[in-house]
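Take a look at the structure below.
Hydrogens, waters and symmetry mates are skipped; everything else that's a heavy atom, side chains included, is used.
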Amino acid sequence: MQTERPFVMSVAGYDPSGGAGLLADIKTFEQLRVQGLGICTAMTLQTESEFYNLQWQLIDEILSAINVLMKKYQVEVVKIGVVKDAKFLSEIIKIIKTNNSEAKIIWDPVLKSTSEFSFFDLNTVSELKNVLNEIDLITPNYNEHKVLKGNHLFEDHENSCSVLIKGGHREDKIGTDILIQNGKEICIEPNDTGFNFYPKHGSGCVLSSAIASHLTKEENLEKACRKGKSYIEKFLTSNPNLLGFHR
């Protein structure tokens, strides 16, 4: 077994355009020199601009795959992407913690696609309160955070996970992210405003997997978020198209 790079795992959806989900995560892992493992939660048919359909994978098959990989490889950080509901997410987290109780977990809560296709069953949002206690970081965009906060998920700062509110959808201070850790707010501003930033399909996936990569390298959470922001800025400036380049 290779020992040069630490292992990090993505549990996310398959996007055949390669812009989001598992494929985007694996591209990011490779660029940041960590060994990426991947498990599919859903098969989608989509391009960078249009969404056609989705087929959820069976939860028992997902759990079995996680079990196999985590018994074989020393996985210290897991990034979770699209999941269908709170129970689906809870089962995934349970099997991760069963295999490694110290594993760090990042959840990028994909509630809707940019074309407004709904992924997560919002009727189960209130059930997330206990689930979040098992997660180290959740990375909602500005609009997703409003939905989750509206369901009173972040009121107990002592027990809930850290939250990185992505600033790409803000009307003020666009691009400024807010990391909430132990009840303290940390502003993470854009590193360079001299470049043109272009909207990108899968940018949330890329950011969360970049953060996971740096956590795998034993960076602390704030530093991992700042380095993740540097990576996503290169991605957002890579070209004017919706499918970005990793570099």
Shortest non-hydrogen separation from Ala12 to Ser10 and the atoms involved = CB-OG, 3.5 Å
Are any side-chain N or O atoms of Ser209 and backbone N or O atoms of Cys205, one a donor and one an acceptor, separated by less than 3.5 Å?
-> yes
Which heavy atom in Ser213 sits nearest to a heavy atom in Val34, and how many Å separate them?
-> OG-CG2, 3.6 Å
Are Met1 and Lys72 close enough, and set up right, to give a side-chain contact (heavy atoms from CB on, under 4.5 Å), and what steps lead you there?
-> CA-CA 9 Å; Met1 187 189 304; Lys72 175 70 175 180; 4.2 Å; yes
Where is the tightest heavy-atom contact between Thr41 and Gly13, given as atom of each residue plus distance?
-> OG1-N, 3.4 Å
More than 12 heavy atoms from other groups under 6.0 Å of NZ on Lys97 = yes
Going hydrophobic residue to hydrophobic residue with side-chain gaps under 4.5 angstrom, can you get from Phe197 over to Leu242?
-> no
Interatomic spacing from NZ in Lys79 to CG in Leu137 - rounded to 0.5 Å | 11.0 Å
Is a salt bridge present between Glu30 and Arg5, judged by a nitrogen-to-oxygen distance below 4.0 Å?
-> yes
Which residue pairs satisfy the salt bridge (charged side-chain N to carboxylate O under 4.0 Å, His left out) criterion with at least one member in residues 228-240, sequence neighbours excluded?
-> Asp177-Lys229
From CG (Asp25) to OG (Ser208), nearest 0.5 Å | 6.0 Å
Are the side chains of Thr216 and Phe7 in touch, meaning some heavy atoms are under 4.5 Å apart?
-> no
Which pairs pass ring pair (Phe, Tyr, Trp, His ring centres under 6.0 Å) with one or both residues in residues 209-230, sequence neighbours excluded?
-> none
Any idea which heavy atoms bring Arg33 and Lys217 closest together, and the distance?
-> O-CE, 4.3 Å
Heavy-atom side-chain contact between Val147 and Leu122 under 4.5 Å = yes
Within a strict 4.5 Å, meaning less than it, do heavy atoms of the Leu148 and Val163 side chains meet?
-> no
Which other residues belong to the hydrophobic cluster containing Met43, where Ile, Leu, Val, Met, Phe, Trp and Tyr are joined when side-chain heavy atoms lie under 4.5 Å apart, directly or via other members?
-> Tyr14, Leu23
Decide yes or no for Val75 and Leu37: does some side-chain heavy atom of the first lie under 4.5 Å from some side-chain heavy atom of the second?
-> yes
Side-chain donor-acceptor pairs of residues 103-110 under 3.5 Å, sequence neighbours excluded:
from	atom 1	to	atom 2	distance (Å)
Trp107	NE1	Gly81	O	3.2
Asp108	OD1	Thr139	OG1	3.0
Asp108	OD1	Lys166	NZ	3.1

Would you give the length of the straight line joining atom CG of Leu243 to atom NE2 of His201, rounded to the nearest 0.5 angstrom?
-> 6.5 Å
CD (Glu134) and CG (Leu89) are apart, to the nearest 0.5 Å, by 10.5 Å
Distance in Å, Asn220 CG paired with Glu222 CD, rounded so as to fall on 0.5 Å steps = 6.5 Å
Is there a donor-acceptor pair closer than 3.5 Å between any side-chain N or O of Glu127 and the backbone N or O of Thr124?
-> no
Do side-chain atoms of Asn100 reach the backbone of Met70 as a donor and acceptor pair under 3.5 angstrom?
-> no
Report yes if the side chains of Leu32 and His246 come closer than 4.5 Å at any heavy-atom pair, otherwise no.
-> no
Within a strict 4.5 Å, meaning less than it, do heavy atoms of the Ile186 and Arg226 side chains meet?
-> yes
Are Ile96 and Ile80 side-chain neighbours, meaning at least one heavy-atom pair lies under 4.5 Å?
-> yes
Main-chain N/O of Phe235 paired to Ser238 side chain as donor or acceptor, under 3.5 Å | yes
Here the salt bridge (charged side-chain N to carboxylate O under 4.0 Å, His left out) pairs for residues 10-23, sequence neighbours left out, are none
Of all heavy-atom pairs linking Leu22 and Gly38, the shortest is CD2-CA, 3.7 Å
Please set out all donor-acceptor pairs under 3.5 angstrom arising from side-chain atoms of residues 51-67, sequence neighbours excluded.
from	atom 1	to	atom 2	distance (Å)
Tyr52	OH	Glu50	OE1	3.0
Asn67	OD1	Lys71	NZ	3.4
Asn67	OD1	Asn99	ND2	3.1

Residues Thr176 and Pro190: closest non-hydrogen pair is OG1-CD, 3.7 Å
Are the side chain of Lys200 and the backbone N or O of Asn239 linked by a donor-acceptor pair below 3.5 Å?
-> yes
Between atom CG of Leu236 and atom CG of Leu207, what is the distance when rounded to the nearest 0.5 Å?
-> 9.0 Å
